[in-house]
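As structure tokens, the structure follows; a few thoughts come after it.
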Amino acid sequence: MNHKVICWDCGMEIEDPYADTCHRCGGLLTVKMDLEPVKEMKPEDLASRPMGVWRYHPFLPIDVDKAITLLEGGTPLYPCHALEEDIGMQRLHVKYEGANPTGSFKDRGMTVGVSRAVAVGAKVVGCASTGNTSASLAAYAAKAGLRCAVLLPSGKVALGKLAQAMFFGASVISIDGNFDDALRTVRELADENYLYLLNSINPYRPEGQKSVLFEIMDQLSYEVPDRIILPVGNAANIWAVYKALTELQEVGWIDRMPMLTGVQADGSMPIVQSFQTGRDDFDPVPTPETVATAIRIGNPVSGRKALKAIYSTRGCAVSVTDEEILQAQRMLGRREGVGVEPASAASIAGLIKLRASGEVCKDEKVVCICTGNALKDPDTIIKSCPPPMQSKADASAIKRLLQA
Ligand code: F0G
């Protein structure tokens with residue numbers, strides 16, 4: 001065993017594979033990896049495997065030979081010169097997580113999480129989701145031959161994500177309530193051992209999500225960026241990136257950390273509110289609302305971990321309006337040819353806001369993590385673009401339209 005599960009708050013070792021919080025103090029759980037063997041290695045030693053989550057198997061708590069995998073990760077890191085010009089900066093990269101098998105970064109955590117479910121003998125897996133987690137879990141459960149139940153906030157899940165969860169054969173349950181209500185309910189089912197919970201409160205999920213940072217470092221030849229910006233919803237991903245950084249530091253592969261910068265939507269910003277007042281805990285937002293439905297979350301389970309990640313790296317948390325999100329989404333599409341869903345565009349919108357206020361300086365090296373594919377939410381795109389022009393099938397009519 002190259003790891004143990006411990007309580008993030010009191011340090012107690014947790015043996016129960018179904019536990020999602022500490023029996024003693026109720027704290028959040030985390031995986032403690034034994035990285036002693038990795039200290040003898042160099043990044044090049046991992047390069048014989050293709051870029052992707054399992055390249056980094058010495059940092060993962062699952063035996064690579066037992067992985068349930070759809071060959072996730074290995075996503076592009078795009079240099080964005082047009083955006084650099086527009087925003088007034090010199091080095092900007094976008095890590096395009098929309099290129100994962102189900103179109104979001106969730107696949108990184110799910111390959112590890114579902115492999116763990118199989119290892120502990122689970123037969124039924126489940127989650128609450130704003131959409132992407134359910135799409136990803138449904139696919140990996142199909143691959144593993146497990147039953148899968150997903151609880152979704154009624155009417156608030158983007159079309160592409162809902163279609164994926166249904167298509168991969170999950171039992172899809174629409175909940176009268178928001179994501180926070182759905183998560184509370186699925187946790188009750190997990191407490192009764194009715195299903196194995198695969199929300200990111202499961203400490204194996206962030207382990208897989210660490211790989212986005214490992215890949216960014218590989219793609220930048222281990223030149224540490226000044227800042228990494230990402231959207232924050234249930235708040236596990238920013239924590240996963242931070243955990244990856246601490247582990248790279250522990251094995252001596254990096255000697256400094258980028259400023260981790262979390263972006264939330266104005267209507268759903270519990271972490272930003274805490275950051276503004278310097279608190280390390282947060283007050284839930286009772287009725288979160290935003291066009292970026294993926295991050296429409298008022299009570300982020302990993303919120304305290306996210307704040308730790310932000311403070312420890314001298315980063316920050318910032319909120320953006322729905323209009324700023326949609327504008328950033330269009331800008332990335334039209335200037336760079338990169339299609340992301342609204343929540344993912346929040347990272348670009350946050351960068352634009354922080355650059356305008358001077359918080360981000362022009363020579364900072366920045367990586368924005370864009371977490372999900374544009375096709376996840378076609379309705380929002382269609383609403384935010386001019387409609388198609390109508391024409392009869394006639395070349396000169398079309399020429400007239402194109403000249404107009
Ligand atoms: N971006 C996208 C596209 C997401 O789907 C999510 C979360 C986030 C960012 C935020 O990541 O929760 O780790 O802070 N989606 C979850 C879901 C909640 O159910 O799909 P986080």
Check for a donor-acceptor pair, side chain of [X] on one end and backbone N or O of [Y] on the other, with a separation under 3.5 Å.
{"X": "D107", "Y": "T102", "answer": "yes"}
{"X": "N299", "Y": "P284", "answer": "no"}
{"X": "N202", "Y": "L197", "answer": "yes"}
{"X": "T277", "Y": "S274", "answer": "yes"}
{"X": "N178", "Y": "D181", "answer": "yes"}
{"X": "D322", "Y": "T290", "answer": "no"}
{"X": "D283", "Y": "P270", "answer": "no"}
{"X": "T130", "Y": "A294", "answer": "yes"}
{"X": "R355", "Y": "V360", "answer": "yes"}
{"X": "N234", "Y": "V301", "answer": "yes"}

Using side-chain heavy atoms (C-beta onward) and a distance below 4.5 Å, is [X] in contact with [Y]?
{"X": "V232", "Y": "P300", "result": "no"}
{"X": "K32", "Y": "H3", "result": "no"}
{"X": "T69", "Y": "V53", "result": "no"}

Closest non-hydrogen atom pair between [X] and [Y], with its separation:
{"X": "C148", "Y": "A138", "value": "SG-CA, 4.0 Å"}
{"X": "R91", "Y": "E223", "value": "NH1-OE2, 3.5 Å"}
{"X": "I369", "Y": "E97", "value": "CG2-CG, 4.0 Å"}
{"X": "G298", "Y": "P288", "value": "N-CG, 3.5 Å"}
{"X": "P342", "Y": "I325", "value": "O-CG2, 3.2 Å"}
{"X": "Q273", "Y": "V285", "value": "OE1-CG2, 4.2 Å"}

Between atom [atom1] of [X] and atom [atom2] of [Y], what is the distance when rounded to the nearest 0.5 Å?
{"X": "R227", "Y": "K365", "atom1": "CZ", "atom2": "NZ", "value": "13.5 Å"}
{"X": "E341", "Y": "I381", "atom1": "CD", "atom2": "CD1", "value": "9.5 Å"}
{"X": "L260", "Y": "R314", "atom1": "CG", "atom2": "CZ", "value": "12.5 Å"}
{"X": "L351", "Y": "M89", "atom1": "CG", "atom2": "CE", "value": "5.0 Å"}
{"X": "K362", "Y": "Q90", "atom1": "NZ", "atom2": "CD", "value": "5.5 Å"}
{"X": "L213", "Y": "L245", "atom1": "CG", "atom2": "CG", "value": "4.0 Å"}

When you check the side-chain N and O atoms of [X] and [Y], is any donor under 3.5 Å from an acceptor?
{"X": "Y18", "Y": "D191", "answer": "no"}
{"X": "D266", "Y": "S319", "answer": "yes"}
{"X": "K95", "Y": "T75", "answer": "yes"}

S104/T371 under side-chain hydrogen bond (donor to acceptor under 3.5 Å, both in side chains): CA gap, chis, key distance, verdict: CA-CA 6 Å; S104 86; T371 43; over 6 Å; no
Show me the side-chain donor-acceptor pairs of residues 56-65 shorter than 3.5 Å, one per line, residues at least two apart or across chains.
| from | atom 1 | to | atom 2 | distance (Å) |
| --- | --- | --- | --- | --- |
| Y56 | OH | D218 | OD2 | 2.6 |
| D63 | OD1 | D65 | N | 3.1 |

NZ/NE/NH1/NH2 to OD/OE distance under 4.0 Å, D226 and R256: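 Yes, charged N to carboxylate O under 4.0 Å.
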Carboxylate-amine/guanidinium contact E207 R116, below 4.0 Å: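 Salt bridge between E207 and R116, a charged N being under 4.0 Å from a carboxylate O: no.
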Salt bridge (Lys or Arg N to Asp or Glu O under 4.0 Å) evaluation trace for R24 with D9: CA-CA 10 Å; R24 187 162 67 185; D9 288 289; over 6 Å; no
Stepwise salt bridge (Lys or Arg N to Asp or Glu O under 4.0 Å) test for E323 and R330: CA-CA 11 Å; E323 192 37 53; R330 283 193 295 269; 3.4 Å; yes
Criterion side-chain hydrogen bond (donor to acceptor under 3.5 Å, both in side chains) on W239 and S200, from CA distance to verdict: CA-CA 10 Å; W239 159 255; S200 56; over 6 Å; no
Derivation of the side-chain hydrogen bond (donor to acceptor under 3.5 Å, both in side chains) call for K243 and Q209: CA-CA 10 Å; K243 189 166 188 287; Q209 290 176 203; over 6 Å; no
